[in-house]
Amino acid sequence: MLDCTGSAPRTGERPNCGEEEEEPGEVLADVDAAEVDELLACFKRYRLRSKVEIDNVSKDFLCWQRFGRNVEHKGPSTQEPEAQSIGWGQGVDHAAESAAQGNGHGWEWFKDPRLDCLGYRGIFPANSIPPLVESDKEADERHYLLWRIENGVAEGSTEIPKGEAIPLEYNFAGLNAISFEKGCYIGQELIARTHHRGVIRKRLMPLIFVDENGQELEQAVAPGSEVVDKESGKKIGTVSTALGCRGMGLLRLEEALKQNSSLAVKDNRDVRVKAIKPDWWPAEWTQVLEQQSAVA
């Protein structure tokens, strides 16, 4: 919930700008563009008689991302404890605080709550360039997509299939997207039980597509392709996203991380697949499998 300048969040309060009557609060939601209509319908269905207006403002605002190794958040949190607990807004880039205000909003970059390497994200007017964006460093969305793929972070219903994806297999527990203290959400018992058992056999992993000589192959693999063990022909997983020579896939960890494993694309055995364990993965995600492999 934003205050009268657009700064946020005022957790649990309605904004009060010093006037006799409180102005209504405003929340801007950054969501998957493909799901906007369905989300609006859901919100309006449960609005009931609440005095809430819900609109699609995607023509008025755009989401921007400042990402890369040189923008990782290292400073202490500057937001309220409740904001920290939900992740979003737990770090503000103060270099942008002096930026000009417009349309009643104050524009700031907020730390992406998933990973430090994803940098900062902000919602800005569609007709303006955000603060700290230099023309020679502005890139199209393909660069950000490649950065996410290399770090194994999925986004949206295309990469995270609705009704099919298991949150723990898509690494939500390491992306600040699941609370194991909060109760009463759909699938809570299954997610909590699986988490505390500590064994997730499949995970979404970054992939590199190469030929038999180790040279990277561009546009050689399509999403939906099966990844198999080249020797046995056993299915290891499926490619969910592909861009150039990079991709992401939901793979069985035991086979994907096995030493001297030889993975290939089922319909094109000449395309080898390298599965990468991201640096940000907690050690416990693979410890059990590594211990089992050592015993074997």
Side-chain angles (χ1 to χ4, degrees), residues 27-40 42-43 56-58 61-69 71-73 86-91 109-124 126 130 133 138-179 185-187 191 200 202-209 221-225 237-251 275-282 285:
V27 174
L28 296 177
D30 173 4
V31 303
D32 180 8
E35 302 298 321
V36 169
D37 293 338
E38 184 175 340
L39 184 65
L40 283 174
C42 179
F43 282 168
N56 181 355
V57 294
S58 57
F61 297 92
L62 292 175
C63 296
W64 288 71
Q65 191 94 15
R66 287 174 51 228
F67 62 95
R69 295 179 180 84
V71 295
E72 292 185 11
H73 174 76
I86 61 173
W88 190 259
Q90 59 180 316
W109 292 95
F110 289 93
K111 176 184 177 293
D112 193 302
R114 296 169 294 180
L115 295 175
D116 281 346
C117 68
L118 294 180
Y120 293 84
R121 193 167 178 87
I123 301 176
F124 300 93
V133 175
E138 184 179 341
D140 61 38
E141 193 170 355
R142 179 184 171 93
H143 290 79
Y144 173 57
L145 173 57
L146 183 60
W147 183 250
R148 282 199 299 101
I149 289 175
E150 291 176 348
N151 285 281
V153 180
E155 272 186 11
S157 56
T158 301
E159 299 177 6
I160 309 172
K162 292 191 302 180
E164 300 177 19
I166 298 175
L168 293 175
E169 292 184 346
Y170 281 74
N171 306 323
F172 281 17
L175 296 172
N176 200 27
I178 300 178
S179 171
Y185 56 84
I186 296 175
I191 291 173
I200 312 298
K202 293 190 296 183
R203 287 191 182 275
L204 187 75
M205 302 183 68
L207 309 174
I208 303 177
F209 308 122
V221 179
S225 300
T238 305
V239 176
S240 61
T241 308
L243 179 65
C245 61
R246 299 280 181 160
M248 289 187 290
L250 190 63
L251 306 183
I276 309 298
K277 184 176 74 171
D279 294 337
W280 61 267
W281 276 20
W285 283 8

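We use all heavy atoms of the structure for the numbers below, so side chains are in, but hydrogens, waters and symmetry mates are not.
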### Query
Should W64 and Y144 be marked as a ring pair (Phe, Tyr, Trp, His ring centres under 6.0 Å) after you check the CA-CA gap, both sets of side-chain angles, and the distance that decides it?
CA-CA 10 Å; W64 288 71; Y144 173 57; over 10 Å; no
Identify all side-chain donor-acceptor contacts of residues 160-173 below 3.5 Å with residues at least two apart in sequence or on another chain.
unit_1	atom_1	unit_2	atom_2	d
K162	NZ	E35	OE1	2.9
K162	NZ	E38	OE1	2.8
K162	NZ	E38	OE2	3.4
N171	OD1	R203	NH1	3.0
N171	ND2	L204	O	2.9

Pairwise distance [atom1]([X]) to [atom2]([Y]) - rounded to 0.5 angstrom:
{"X": "I276", "Y": "I208", "atom1": "CD1", "atom2": "CD1", "answer": "4.0 Å"}
{"X": "S240", "Y": "L251", "atom1": "OG", "atom2": "CG", "answer": "8.5 Å"}
{"X": "I149", "Y": "C245", "atom1": "CD1", "atom2": "SG", "answer": "10.0 Å"}
{"X": "F110", "Y": "I123", "atom1": "CZ", "atom2": "CD1", "answer": "9.5 Å"}

### Task
Please answer whether the main-chain N or O of S157 pairs with a side-chain N or O of D32 as donor and acceptor at a distance below 3.5 Å.
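Confirmed, D32 side chain pairs with S157 backbone.
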### Query
In this structure, which one of L118, V153, D112 forms a side-chain contact (heavy atoms from CB on, under 4.5 Å) with L175?
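Per the side-chain contact (heavy atoms from CB on, under 4.5 Å) rule, the option paired with L175 is V153, out of L118, V153, D112.
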Listed by chain and number, what are the side-chain contact (heavy atoms from CB on, under 4.5 Å) partners of [X], not counting sequence neighbours?
{"X": "E159", "answer": "L145, R148, A154, E155, T241, M248"}
{"X": "V36", "answer": "V31, L40, N56"}
{"X": "P278", "answer": "P206, W280, W281"}
{"X": "D37", "answer": "none"}

### Message
D140: which residues meet the side chain to side chain donor-acceptor pair (under 3.5 Å) condition with it, sequence neighbours left out?
### Response
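By the side chain to side chain donor-acceptor pair (under 3.5 Å) rule, D140 matches H143.
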#### Entry: Where P130 and W109 come nearest, the two heavy atoms and their spacing
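Taking every non-hydrogen atom into account, CB-CZ2, 3.5 Å.
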